[in-house]
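Structure, as structure tokens:
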There are 2 protein chains.
Amino acid sequence: MPTSSRFAVAVHLLCALAFLEATAGERGVTSAELAKSVNTNPVVVRRLLGSLTRAGFVAGRGGRSGGYGLARSPAKIRLDAVLAAVEPDGLLTLHANPTNRACTVSCGIKPVLGGVFAEAERALHASLERRTLADLLRQVQAAG
Amino acid sequence: MPTSSRFAVAVHLLCALAFLEATAGERGVTSAELAKSVNTNPVVVRRLLGSLTRAGFVAGRGGRSGGYGLARSPAKIRLDAVLAAVEPDGLLTLHANPTNRACTVSCGIKPVLGGVFAEAERALHASLERRTLADLLRQVQAAG
DNA sequence: CATTTGCGCAACCACTGTAGTTGCGGATGC
DNA sequence: GCATCCGCAACTACAGTGGTTGCGCAAATG
């Protein structure tokens, strides 16, 4: 499959949200403003922020002067949790082909591979766990 | 994108190849035999084994009594190299949306994210690096 | 040397997941 | 009431994957 860019966009959105929130005052940050930063459509933004809302990272309010805001401090948003929120199925997937029961390898490979995949994804999450949204904000600000 | 299962199938094929090679004697293992184990088409097998051939893991010969064979010992085939061979673009991808030059975050996020992604993928490869085809064969045989 | 067997490659099709878009309903504040 | 904004569902367009067929070439067998 075309490998998804949801994770990248989600992180981008969280950064932009943290950034714009500072200047927005009481008003929420609208999906249209966020969409401008990513150069995409407000609905795409809302879809993604829907997952992040369910995961407890952001909160949105409807109505005039509505919009989004972070639901917790950037230092408490770890990237591994963001990945899990927008890509719940993981990155390494087994093949769905039916197993050939006449073949030892075909019968035995999937559980073995599953274990390998699980360990590899744990390693990936462990790496992302060390990064928070606050870290990224610092780096983006330093670069700009 | 529908996340690809090339890696899983490639590992399955390598296992099956190692397994069948033992009983095949001088003859090569044909793509049709391998296809039976994965329950797929010989052409799909050949496509994937094409990548693995270019990476130096297997070798195929045409002609009568042709087929495939491992080009090096299972203990020398590390899974991270297999992943790199069949999925050269990596698993985490940046979004392709044009950057909004009026936005600090949009301008700065991609290099920062790129660094984070690279580190995460390194962690994933480091985990896979510890597993060789020989390890998997041992596990599959123990389970069967 | 003809035949058989099997790989290599290109072309094509069907399927699927993603991003993009529109439209409508409901909430919120002026 | 009315404007603004989120939430959600439906639809479209596109891209990547896996599956399939067809043809050319290589190699072994008789």
Side-chain angles (χ1 to χ4, degrees), chain A residues 1-10 12-13 17 20 24-36 38-54 58-69 71 86-98, chain B residues 1-10 12-13 17 20 24-36 38-54 58-69 71 86-98:
Chain A
M1 71 199 103
T3 167
S4 159
S5 65
R6 272 196 299 269
F7 181 43
V9 176
H12 184 152
L13 285 175
L17 183 49
L20 297 174
E26 199 55 32
R27 250 185 64 254
V29 181
T30 71
S31 56
E33 294 173 287
L34 290 168
K36 283 220 182 73
V38 190
N39 250 310
T40 183
N41 195 284
V43 179
V44 175
V45 172
R46 293 205 285 263
R47 269 210 285 253
L48 224 29
L49 289 193
S51 303
L52 296 178
T53 298
R54 280 183 287 277
V58 307
R61 256 187 19 240
R64 190 172 180 125
S65 90
Y68 292 93
V86 299
E87 216 74 66
D89 291 339
L91 298 176
L92 295 172
T93 61
L94 292 173
H95 50 304
N97 310 41
Chain B
M1 72 209 118
T3 168
S4 159
S5 64
R6 273 197 297 271
F7 181 43
V9 176
H12 184 151
L13 285 174
L17 183 49
L20 297 174
E26 200 54 33
R27 253 186 60 253
V29 182
T30 70
S31 57
E33 293 173 287
L34 291 168
K36 283 221 182 72
V38 190
N39 250 309
T40 182
N41 195 283
V43 179
V44 175
V45 171
R46 292 206 285 263
R47 268 209 287 252
L48 223 30
L49 288 194
S51 304
L52 296 178
T53 297
R54 281 182 287 276
V58 307
R61 256 187 20 238
R64 192 175 178 126
S65 89
Y68 292 95
V86 300
E87 216 75 66
D89 291 340
L91 297 176
L92 294 172
T93 61
L94 293 173
H95 50 304
N97 310 40

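In this text, all values refer to a predicted model and were calculated from it rather than measured experimentally. Side-chain atoms are counted along with the backbone in the values below, which use heavy atoms only and exclude waters and symmetry mates. Each chain gets a letter, A, B and so on, in the order its sequence line appears, and its residues count up from 1.
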Rounded to whole Å, CG of A:Leu48 lies from C1' of D:dG7 at a distance of 15 Å
dist B:Leu52:CG -> B:Arg46:CZ (nearest 0.5 Å) comes out at 14.5 Å
Taken to the nearest 0.5 Å, the spacing of A:Leu48 CG from A:His12 NE2 works out to 11.5 Å
Against the side chain of B:Ser31, the closest entry in C:dC7, D:dG19, C:dT21 is C:dC7
B:Arg61 atom CZ is separated from D:dA28 atom C1', nearest whole Å, by 9 Å
B:Tyr68 has its side chain closest, among C:dT5, C:dT21, C:dC7, to C:dC7
Please state whether the phosphate of C:dA19, meaning OP1 or OP2, lies under 4.0 angstrom from any side-chain nitrogen or oxygen of A:Ser5. yes
Please determine whether any donor N or O and acceptor N or O are separated by less than 3.5 Å between the side chain of B:Arg47 and the base of D:dG19.
yes
To the nearest angstrom, the CG-P distance between A:Leu20 and D:dC5 comes to 14 Å
Review point. Between B:Thr40 and D:dG19, is there a side-chain N or O to OP1/OP2 distance below 4.0 Å?
Key: yes
Side-chain contact check for B:Ser65: nearest option of D:dT17, D:dA28, C:dA19 is D:dA28
Quiz item: Would you say D:dT17 has OP1 or OP2 under 4.0 Å from some side-chain N or O of B:Arg6?
Solution: yes
Taken to the nearest 0.5 Å, the spacing of B:Arg47 CZ from B:Leu49 CG works out to 12.0 Å
> Is a donor on one side and an acceptor on the other found under 3.5 Å between the side chain of B:Ser5 and the backbone of B:Ala8?
Replying inline: no
Between A:Gly60 and B:Gly62, whichever has its closest DNA chain D nucleotide further toward 5' is A:Gly60
Between CD of B:Glu87 and P of D:dT17 the distance, given in whole Å, is 7 Å
Among the nucleotides D:dA28, C:dG29, C:dG20, whichever has the atom closest to the side chain of A:Asn41 is C:dG20
Closest of C:dA19, D:dC5, D:dC8 to the A:Val43 side chain is D:dC8
Rounding to 0.5 Å, atoms CG (B:Leu91) and CD (A:Glu87) come to a distance of 10.5 Å
In whole angstroms, the gap separating C1' of D:dC6 from CG of A:Leu13 amounts to 15 Å
Closest of C:dT28, C:dT4, D:dC8 to the A:Arg54 side chain is D:dC8
To the nearest angstrom, the CG-P distance between A:Leu49 and D:dC8 comes to 12 Å
Between B:Asn97 and B:Gly67, whichever has its closest DNA chain C nucleotide further toward 5' is B:Gly67
*So does A:Arg46 reach the base of D:dG7 with its side chain, donor to acceptor, closer than 3.5 Å?*
yes
B:Glu33 CD to C:dC7 C1', in whole Å, measures 14 Å
From CD of B:Glu26 across to P of D:dA27 the rounded distance in Å is 15 Å
Per atom distances to the B:Thr30 side chain, the nearest of C:dC7, D:dT4, D:dG18 is C:dC7
B:Asn97 (side chain) donor-acceptor with A:Val38 (main chain) under 3.5 angstrom:
yes
